[in-house]
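Since the structure comes first, as structure tokens, the remarks are kept for the end.
Each chain gets a letter, A, B and so on, in the order its sequence line appears, and its residues count up from 1. All of these numbers come straight from a predicted model, not from anything done at the bench.
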Amino acid sequence: KNEVEQSPQNLTAQEGEFITINCSYSVGISALHWLQQHPGGGIVSLFMLSSGKKKHGRLIATINIQEKHSSLHITASHPRDSAVYICAVRSRDDKIIFGKGTRLHILP
Amino acid sequence: DSGVTQTPKHLITATGQRVTLRCSPRSGDLSVYWYQQSLDQGLQFLIQYYNGEERAKGNILERFSAQQFPDLHSELNLSSLELGDSALYFCASSSPGGLWETQYFGPGTRLLVL
């Protein structure tokens, strides 16, 4: 079993839908990152979380440390949100562990 | 544009050879991270440097080594290359705190070992 699991692996939705991507981890962590990888390969860091919730534009990220779970939400999704979303954690012994990513496709 | 530069963009080489990948972090960032992304393994953390010192180590093979220079640029050296080393290699830099803060990724170096 991977130490960082994401679900779903693939998601196709219509423009305007509310999107949720989940990340569960099995190790103690100091921080969690959500990354976005565009079809061209470039990676952008969306959020770094150690507790609570963060919001940036239409993106919201939450983390529940006790349940070892984080979610990334996209409101009013748009075709330009189509990308691979990757969850990564930094464990307390300084390992950085990535999930396998969620491939999101938003249809116009 | 993240402000992180990586050279070269593409590299084709043969098994057994040695290559050097270079990364220049954003101005003012003290931390540099190296990652490998292959089709079968996904993204993997290799190593982190902070202000010239090794800070954390991940799944970096003994054939691979890295360093961060006084001007804060970093190099990743890959030697005795194997077919399985073909991958996209990213570096990222982060703000001066030294912790795992927001990371700025370079465009990557695509390595193909034939």
Given the rule that I, L, V, M, F, W and Y join up when any side-chain heavy atoms are under 4.5 Å apart, are [X] and [Y] in one cluster?
X     : Y     : answer
B/Y33 : B/Y89 : no
A/I63 : A/W34 : yes
A/Y85 : A/I29 : yes
B/F90 : B/I60 : no

Heavy-atom closest contact (A/R90 atom, B/A56 atom, distance): NH2-CB, 3.3 Å
Minimum heavy-atom distance between A/F98 and B/F45, given as atom pair plus value: CE1-N, 3.9 Å
Inter-residue atom distance B/F105.CZ - A/Q37.CD, 0.5 Å rounding: 9.0 Å
Distance in Å, A/I96 CD1 paired with B/N59 CG, rounded so as to fall on 0.5 Å steps: 10.5 Å
From CA spacing to verdict: side-chain contact (heavy atoms from CB on, under 4.5 Å), A/F47, B/T102: CA-CA 7 Å; A/F47 295 103; B/T102 298; over 6 Å; no
Taking everything shown except [X] itself, do over 12 heavy atoms lie less than 6.0 Å from its [atom1]?
X     : atom1 : value
B/E54 : CD    : yes
B/L39 : CG    : no
A/K54 : NZ    : yes

Interchain contact, B/Q37 with chain A, by part (heavy-atom threshold 4.5 Å): side chain
Check: B/Y104 and A/V44 side chains under 4.5 Å, non-hydrogen atoms: no
Flag side-chain contact, heavy atom, 4.5 Å: A/I43 against B/Y35: no
B/K57/A/D94 ion pair, N-O < 4.0 Å: no
Residue A/L46 versus chain B: region with a heavy atom under 4.5 Å: neither
